[in-house]
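For reference, the structure discussed in these notes is given below.
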There are 2 protein chains.
Amino acid sequence: MKRKDDKKIIQIFQAALRLVAEKGLSGVTMGDISREAGIATGTLYVYFKGKDELINALFAACRENSVQVSFKGYNPQIPFKPGFKNIWLNILRYKLQHFEEVIFMEQCYHSPFITNDTREKALQLSAPFYALIDRGQKEQLIKQADAGLLLTFIIGAMNELVKQTHYSSITLNRSRINTAFDLCWDALKA
Amino acid sequence: MKRKDDKKIIQIFQAALRLVAEKGLSGVTMGDISREAGIATGTLYVYFKGKDELINALFAACRENSVQVSFKGYNPQIPFKPGFKNIWLNILRYKLQHFEEVIFMEQCYHSPFITNDTREKALQLSAPFYALIDRGQKEQLIKQADAGLLLTFIIGAMNELVKQTHYSSITLNRSRINTAFDLCWDALKA
DNA sequence: AATATAAGCGAATATATATTCATTTTAAAG
DNA sequence: CTTTAAAATGAATATATATTCGCTTATATT
């Protein structure tokens, strides 16, 4: 007896991510994915019921992974601003290093592939971010505006930064990163 | 003899926009578009050589239109901040009223449909925005950071705001709009 | 009003893509 | 080492989609 190979799922996911970032969700076929992953097309159907399931599983995996990474090293003991910056940098680093995920998630949001259930579950994972904003507001450090609005601002700006960085191939050096963070912080601060 | 009908092109474009916003670029077929536009599938090919040309033409039209609208009412005579806010509001209004275009443009960017040529031309239309930032910097009103970075911030935050508004169906009332603008301005101001 | 010319049509065709399945390969268990 | 069950394969099939084309309809021009 042979066991399903977890490594193969990762191969499949990475192949799909690479291809979607390059050609968009509309331009990627099951055949493309299998070729890029170095397996036969039929094998995809051993791991996933079909294209829908594959895309939904990948979407969920990306979302979970990204939330996990964001709070790495976060400790509520340390003061808000450095703690916030740590998270901000975690997210930025992650998105720069996993550019394909940024594009994939963006493309997915308006595709018929993603089910409402998958969407819902992704949304629920945002809770820690709301809690973070809440802390900053309780400490009177950031504006008393709707947390959703503030998060929208932070994430929207960062996503666009990551995309612009990727296309322009301007290297995002330390100075540029700090400038970007200052823009973000000045926007938020009370 | 019968002439090609400009109104029909608009019908086709609007149908395509509606469908892409709903189902994503990957989920929209030529058949869908013709049905939604109320014409026969073959007629699409009277107006466009094929799907590629249709998508590229729509992309270019959206981009031109949005730049046009942005600077409506702008007058370099009036002080920078209200002039800037006017433009910011123009863009926000436009994006809220033409949500399908926001999604369509986003989806297109990473699709194999859009040619490099189309992409290039879209980029060139950004010149007036760079000029605007330049003015603000010369007047010492906004930060002396790279203009591309500042624009990225403004546009990224706004796009996300528009999307979040649409999904959450939180109405963006005057107070919320002003809060959002303040976030933006506080980020930029010197 | 007659004619010419292009738009408009949609079923038929060509093409691309997802999915299945009979067969082969792999590796765990006895 | 043999057996066995599941994974892996990829050509074959089913399905979906883009595109074409012979024909009809509309309307400018004479």
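Note that the coordinates shown come from a computational prediction; the quantities given were computed from them, not determined experimentally. Note on naming: letters A, B, ... go to the chains in the order of the sequence lines (proteins, then strands), and numbering restarts at 1 for each one.
Among the protein residues, B:I39 comes within range of the sugar-phosphate backbone only, with heavy atoms under 4.0 Å from sugar or phosphate atoms but none that close to a base. Using a 4.0 Å heavy-atom criterion, one finds that B:T29 contacts the sugar-phosphate atoms exclusively.
Under 4.0 angstrom from either OP1 or OP2 of D:dT9 there lies no side-chain N or O belonging to A:R35. In this model, the phosphate group of D:dA8 is approached by a side-chain N or O of A:K8 to a distance below 4.0 Å at OP1 or OP2. Considering only side-chain N and O atoms, B:K2 lies nowhere under 4.0 angstrom from the phosphate OP1 or OP2 of D:dA28. Neither OP1 nor OP2 of C:dA7 sits under 4.0 Å from any side-chain N or O of B:T43. Considering only side-chain N and O atoms, A:T41 lies nowhere under 4.0 angstrom from the phosphate OP1 or OP2 of D:dG10. Residue B:Y47 places at least one side-chain N or O closer than 4.0 Å to OP1 or OP2 of C:dG8.
At whole-Å resolution of the value, CG in A:L54 and C1' in C:dT19 are 13 Å apart. Between the P atom of C:dA7 and the CG atom of B:L44 lies a distance of 14 Å, rounded to the nearest Å. Atom pair B:D52:CG and D:dT17:C1' shows a separation of 13 Å (rounding to whole Å applied). Between A:K4 atom NZ and C:dA27 atom P the separation is 17 Å, expressed in whole Å. Distance, B:E53 CD to D:dT20 P: 12 Å, rounded to whole Å. For B:F113 and D:dT17, the CZ to C1' distance is 11 Å, given to the nearest whole Å. In this structure, CD1 of A:I12 is placed 12 Å from P of D:dA7, rounded to the nearest angstrom. Atom C1' of nucleotide D:dT17 and atom CG of B:L19 are separated by 15 Å, given to the nearest angstrom.
Projected onto DNA chain D by closest heavy-atom contact, A:D5 and B:G31 fall at different nucleotides, the more 5' of which corresponds to A:D5. When each of A:S26 and A:K49 is assigned the nucleotide of DNA chain C bearing its nearest heavy atom, the one mapping closer to the 5' terminus is A:S26. Closest-nucleotide positions on DNA chain D for B:R3 and B:G42 were compared, and the one nearer the 5' end corresponds to B:G42.
Remark: the A:K85 side chain and the A:N90 side chain contain no N/O donor-acceptor pair separated by less than 3.5 Å.
Classification of the B:F84-B:F80 ring pair by plane angle, with boundaries at 30° and 60°, yields parallel.
A:R119 forms a cation-pi arrangement with A:Y109, by the criterion of a distance under 6.0 Å to the ring centre and an angle within 45° of the ring axis.
Taking all atoms of both residues into account, the shortest heavy-atom contact from B:S34 to B:T41 is OG-OG1, 3.2 Å.
Checked by atom type and distance alone, the side chain of A:S168 pairs as donor or acceptor with a backbone atom of A:I170 at under 3.5 Å.
Side-chain proximity of A:Y45 to the nucleotides C:dT20, C:dC9, D:dA8 is greatest for C:dT20.
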